2 protein chains.
Amino acid sequence: MMELTRKGEYAVRGIVYLATQPEDKVCLLSDIAAAVDVPATFLAKIFQQFSKIGLVKSYRGTGGGFVLGRAADRITLLEVVEAVEGPIIPNRCVVAPGECPRDVFCNVHPVWKRVQVQVRDVLEKVTLRDLAGL
Amino acid sequence: MMELTRKGEYAVRGIVYLATQPEDKVCLLSDIAAAVDVPATFLAKIFQQFSKIGLVKSYRGTGGGFVLGRAADRITLLEVVEAVEGPIIPNRCVVAPGECPRDVFCNVHPVWKRVQVQVRDVLEKVTLRDLAGL
DNA sequence: TCCTAAAAGGATAATAATAGTCCTTTTAGC
DNA sequence: GCTAAAAGGACTATTATTATCCTTTTAGGA
C-alpha cells in the first residue's frame, strides 16, 4: 500500500540527477536516462510533464535538452512526486467534503486527512538540493 | 498517489460496522455487506483474510457469522489496512537495506522511511472503537 | 535553404493489478 | 439427512501501469 509507482521512482531519479549537474548545463534526455537507468522513451514523457509545470526548462533542437526550472533548493520532493503521480490522496473521501456519500457519518475521514497532511509535510520539507547531496 | 484500494475501503467499512454491533452478536456476512454497501462475494474474501489473522472470529453453519476477534479498542486501523493491503511501503527501497541496488548512494531512501513511519503512526493510534464512534 | 539534432505529442501494445463473480467444499445446527 | 453459512479455488472483466514507436515541431549549423 501507498507505494510509489515506477513512474514516480523514475521521475525522482531523473530530476535528482539534473540537480547534481552544474546549474547551467543543458542535459540530454538520453544522457539522463542512461545515467539513472530508466528507459529513455518513458523518461521523456515524465520530463514533458515536468516541463509543463515549470519544474524543468526544455530546449529543442541541436544543443537542446533540459535544465532545472528553478534552483534545486526551491523544488520540493512533494512537487516532483505530485507532478507525475497526481495529488496525494490516501482515500477518495479526503478529496472534498461531499465527494463521498458516507461523508457525514464517516469517522475514518479525518484519519485519512491526517495521513495526507503528514505525508505532504514530510515530502515538502525535502528539496532537490537535499537529495542531490551537495 | 498513496490511494487506498476499494478492497481496503471495503475492509474498513465492514469491520467498523462489526465494531458498532453488540459485542456478542454474530453478524451474517450478507447483512454486513448490505449494511455497508459492498458486494457480498468480495467482502467474503476480505473477511477470510481477517479471520486468518484473528481480527475477526468466524462461525460456520446455521447461526454462523462473524464477530470481532478482540475488543474494538484493541484493533487498530493499521492492522485492518495492512491485513488486506499488505505492509505500508511507500517505496521499495524502504523494505530492507540492500533490497535496492541504488541503496548506498540514494538520499531519497530515508525520506520514504520517514513517510512510512508517519503514516503507520497515524493509523496505529486509531482503533475500531474510535471509528465506531461509540 | 536544407540537414540534423532534439524535445513534444499521439497512438498503441503488453503486462500486471484490481475488482469482482461463481461454483464447490467444509463445517455446524436442527 | 437437510439446510445455513463460511472457506476455498478458479476464473473473468476492467483498469492502471509500463512501456514502445512514429510523426511533428523547434532550433542550430553548414
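Nothing here was measured: the structure is a model prediction, and the numbers come from that model.
- OP1 or OP2 of dG20(C) has at least one side-chain nitrogen or oxygen of Tyr10(B) nearer than 4.0 Å.
- In this structure, Glu23(B) contributes its side chain and Ala71(B) its backbone to no donor-acceptor pair below 3.5 Å.
- Across the protein-nucleic acid pair, Phe42(B) atom CZ and dC11(D) atom C1' stand 15 Å apart, rounded to whole Å.
- If you take CD1 of Ile32(B) and P of dA5(D), they are 12 Å apart, rounded to a whole angstrom.
- Of the two residues contacting DNA chain C, namely Glu85(B) and Ala40(B), the nearest-nucleotide position lying further toward the 5' end is that of Glu85(B).
- Lys52(A) comes within 4.0 angstrom of sugar-phosphate atoms only, judged by non-hydrogen atoms across all strands, and of no base.
- Taking the side chain as every heavy atom from C-beta outward, Val122(B) and Val111(A) approach each other to under 4.5 Å.
- Spacing between atom CZ of Phe50(A) and atom C1' of dA7(C) amounts to 15 Å, rounded to whole angstrom units.
- Atom CD1 in Ile46(B) sits about 9 Å away from atom P in dG20(C), given to the nearest Å.
- Counting to the nearest Å, the C1' atom of dT14(D) and the NZ atom of Lys7(B) are 17 Å from each other.
- The backbone N or O of Leu4(B) lies less than 3.5 Å from no partner atom in the side chain of Glu9(B), so there is not a single donor-acceptor pair.
- What separates CG of Leu29(B) from P of dG8(D) is a distance of 14 Å, to the nearest Å.
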When you compare the protein's N or O atoms with those of nucleotides 24-30 of chain C, which come within less than 3.5 Å of each other, and at what distance?
| residue | atom | partner | partner atom | Å |
| --- | --- | --- | --- | --- |
| dT26(C) | O2 | Arg60(B) | NH1 | 3.1 |
| dT27(C) | O4' | Arg60(B) | NH1 | 2.7 |

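- The side chain of Thr5(A) places an N or O atom within less than 4.0 Å of a non-bridging phosphate oxygen (OP1 or OP2) of dT18(D).
- A donor-acceptor pair under 3.5 Å links the side-chain atoms of Glu82(A) to the main chain of Ile88(A), judged by distance alone.
- As a whole-Å value, the separation of Leu43(A) CG from dT20(D) P is 12 Å.
- For Lys45(A) and dG10(C), a side-chain-to-base donor-acceptor distance below 3.5 Å is present, hydrogens and geometry of angles not being considered.
- Contact annotation: Ser58(B) does not reach the phosphate of dA5(D) (side-chain N/O to OP1 or OP2, under 4.0 Å).
- With values rounded to the nearest 0.5 angstrom, Leu77(B) atom CG is found 9.5 Å from Asp130(B) atom CG.
- Looking at Glu85(A), its side chain does come within 3.5 Å of a backbone N or O of Thr5(A) through a donor-acceptor pair.
- Minimum atom distance to the side chain of Phe66(A) is reached by dA8(C), of the listed dT20(D), dA8(C), dG8(D).
- Listed pair Ser30(B) / dA5(D) fails the phosphate criterion, with no side-chain N or O lying under 4.0 Å from OP1 or OP2.
- The side chain of Arg6(B) sits closest to dA19(C) out of dA19(D), dA7(C), dA19(C).
- Side-chain contact between Val36(B) and Tyr10(B) is absent, with no heavy atoms from C-beta onward closer than 4.5 Å.
- We find that CD of Gln49(A) is positioned 13 Å from C1' of dA8(C), with the value rounded to whole Å.
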